[in-house]
**Q** 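I have a structure I would like to understand better, so I am pasting it below and will then ask my questions one at a time.
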Amino acid sequence: QVQLVESGGGLVQAGGSLRLSCAASGRTFSNYVMGWFRQAPGKEREFVAIISRLGITTYYTDSVKGRFTISRDNAKNTVYLNMNSLKPEDTAVYSCAASTQSTLATTPGAYDYWGQGTQVTVSS
């Protein structure tokens, strides 16, 4: 069992930046592929970014490439999402998730554990 707690969300103007954190407790953090997902009102949950167990490989959805960076610190059991050049369309609840699969999956169903989410609101 893994517990995930996100923090760092908030209200920011377009063009601004935020850093989300996801702290994990429970089993060995480095055993999990970690992902960030987001869900805007009235929309389905969508994949944002993913990072491999040792942080060597990352992958992003096209809309955030060049603006968002996912990273992890296995010594601190934490995964981060640095978000720059934020746009109003980035507004959503952002959740981190942990997967026991070795592949970098972008579908929510591949993830075993989820945090409660943190709200990110970008004003125009």
Side-chain angles (χ1 to χ4, degrees):
Q1 191 81 348
V2 174
Q3 292 78 42
L4 303 172
V5 179
E6 301 95 336
S7 61
L11 173 64
V12 64
Q13 289 187 334
S17 299
L18 283 174
R19 188 193 199 198
L20 305 183
S21 299
C22 172
S25 60
R27 297 192 174 182
T28 305
F29 182 64
S30 58
N31 286 346
Y32 298 92
V33 167
M34 297 298 297
W36 283 98
F37 291 79
R38 65 187 180 186
Q39 187 167 19
K43 296 187 176 181
E44 292 187 354
R45 179 178 284 171
E46 68 168 345
F47 160 76
V48 176
I50 185 172
I51 188 165
S52 60
R53 293 169 176 172
L54 297 182
I56 295 172
T57 304
T58 58
Y59 182 69
Y60 301 89
T61 191
D62 286 345
S63 63
V64 308
K65 285 180 181 177
R67 301 189 298 122
F68 290 12
T69 302
I70 188 172
S71 61
R72 67 190 296 164
D73 185 337
N74 287 345
K76 295 183 178 180
N77 292 351
T78 303
V79 62
Y80 305 97
L81 185 68
N82 283 292
M83 305 185 294
N84 297 317
S85 301
L86 282 161
K87 304 175 181 180
E89 51 264 43
D90 294 318
T91 295
V93 174
Y94 284 71
S95 300
C96 66
S99 173
T100 57
Q101 297 186 15
S102 58
T103 55
L104 300 187
T106 61
T107 53
Y111 289 77
D112 305 282
Y113 304 102
W114 291 83
Q116 83 288 350
T118 185
Q119 176 71 46
V120 171
T121 303
V122 184
S123 63
S124 57

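Position 1 is the first residue of the sequence, and the numbers go up from there. Small disclaimer: the values here were computed from a predicted structure and weren't measured. Because only heavy atoms are used, hydrogens play no part in the values below, and waters and symmetry mates are left out as well, while side chains stay in.
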**Q** Let me see the working for N31 and V2 under side-chain contact (heavy atoms from CB on, under 4.5 Å), right down to the final yes or no.
**A** CA-CA 11 Å; N31 286 346; V2 174; over 6 Å; no
**Q** Restricting to ring-ring contact (aromatic ring centres under 6.0 Å, His included), what partner residues turn up for F29, sequence neighbours left out?
**A**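 Partners of F29 by the ring-ring contact (aromatic ring centres under 6.0 Å, His included) criterion come out as none, since no residue qualifies.
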**Q** For residues 65-76, which residue pairs pass the side chain to side chain donor-acceptor pair (under 3.5 Å) check, not counting sequence neighbours?
**A**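 Listed by first then second residue: D62-K65, R67-D90, R72-N74.
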**Q** If you compare all heavy atoms of A92 against all heavy atoms of A40, which two are closest, and at what distance to 0.1 Å?
**A**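 What the structure gives for the nearest pair is CB-N, 3.8 Å.
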**Q** Would you say S99's side chain and A110's backbone share a donor-acceptor pair under 3.5 angstrom?
**A**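 Yes; judged by distance alone, with no hydrogens or angles, the pair exists.
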**Q** For T58, what residues pass the side chain to side chain contact (heavy atoms under 4.5 Å, CB included) criterion, not counting sequence neighbours?
**A** I51, Y60, I70
**Q** Do any pairs count as a disulfide bond (SG atoms under 2.5 Å apart) and have a residue in residues 43-84, sequence neighbours left out, and if so which ones?
**A**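 Residue pairs with at least one partner in residues 43-84: there are none.
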**Q** Sort and list the pairs that fulfil salt bridge (Lys or Arg N to Asp or Glu O under 4.0 Å) and have at least one residue in residues 92-117, not counting sequence neighbours.
**A**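 Sorted result for residues 92-117: empty, none.
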**Q** Tell me, which pairs form a ring-ring contact (aromatic ring centres under 6.0 Å, His included) where one or both residues lie in residues 67-103, sequence neighbours left out?
**A**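 Those involving residues 67-103 do not exist here.
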**Q** May I ask you to list the residues sharing a hydrophobic cluster with L11, side-chain cutoff 4.5 Å, ordered by chain and number?
**A**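 None, because no other hydrophobic side chain comes under 4.5 Å of this residue.
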**Q** Strictly by salt bridge (Lys or Arg N to Asp or Glu O under 4.0 Å), give each pair with a member in residues 42-54 just once, sequence neighbours left out.
**A** R38-E46
**Q** Among all residues two or more places apart in sequence or in another chain, which pass the side chain to side chain contact (heavy atoms under 4.5 Å, CB included) test with A98?
**A** L4, Y32, M34, Y113
**Q** Quick check: closest heavy atoms across S95 and G115, and the distance to 0.1 Å?
**A** OG-O, 4.3 Å
**Q** Y111: which other cluster members, linking ILVMFWY side chains closer than 4.5 Å, directly or transitively?
**A** V33, F37, F47, I50, Y59, L104, W114
**Q** Would you please name every residue forming a side chain to side chain contact (heavy atoms under 4.5 Å, CB included) with Q119, sequence neighbours left out?
**A**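 Expected list: T91, V93, T121.
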**Q** Specify the closest pair of heavy atoms between N84 and S17, including all atoms of both residues, with the distance to one decimal.
**A**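 It is OD1-OG, 2.8 Å.
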**Q** Does anything in residues 83-124 pair up under disulfide bond (SG atoms under 2.5 Å apart), and if so which pairs, sequence neighbours excluded?
**A**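 The answer is C22-C96.
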**Q** Say you draw a straight line from OG of S63 to NZ of K87; how long is it, rounded to the nearest 0.5 Å?
**A**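 S63 OG to K87 NZ: 8.0 Å, rounded to 0.5 Å.
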**Q** Specify the closest pair of heavy atoms between G9 and V120, including all atoms of both residues, with the distance to one decimal.
**A**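 Shortest heavy-atom separation between G9 and V120 comes out as CA-CG2, 4.2 Å.
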**Q** Report the C-alpha distance between M83 and L20 in whole Å, list the side-chain angles of each, state the deciding distance to 0.1 Å, and finish with yes or no for side-chain contact (heavy atoms from CB on, under 4.5 Å).
**A** CA-CA 8 Å; M83 305 185 294; L20 305 183; 3.7 Å; yes
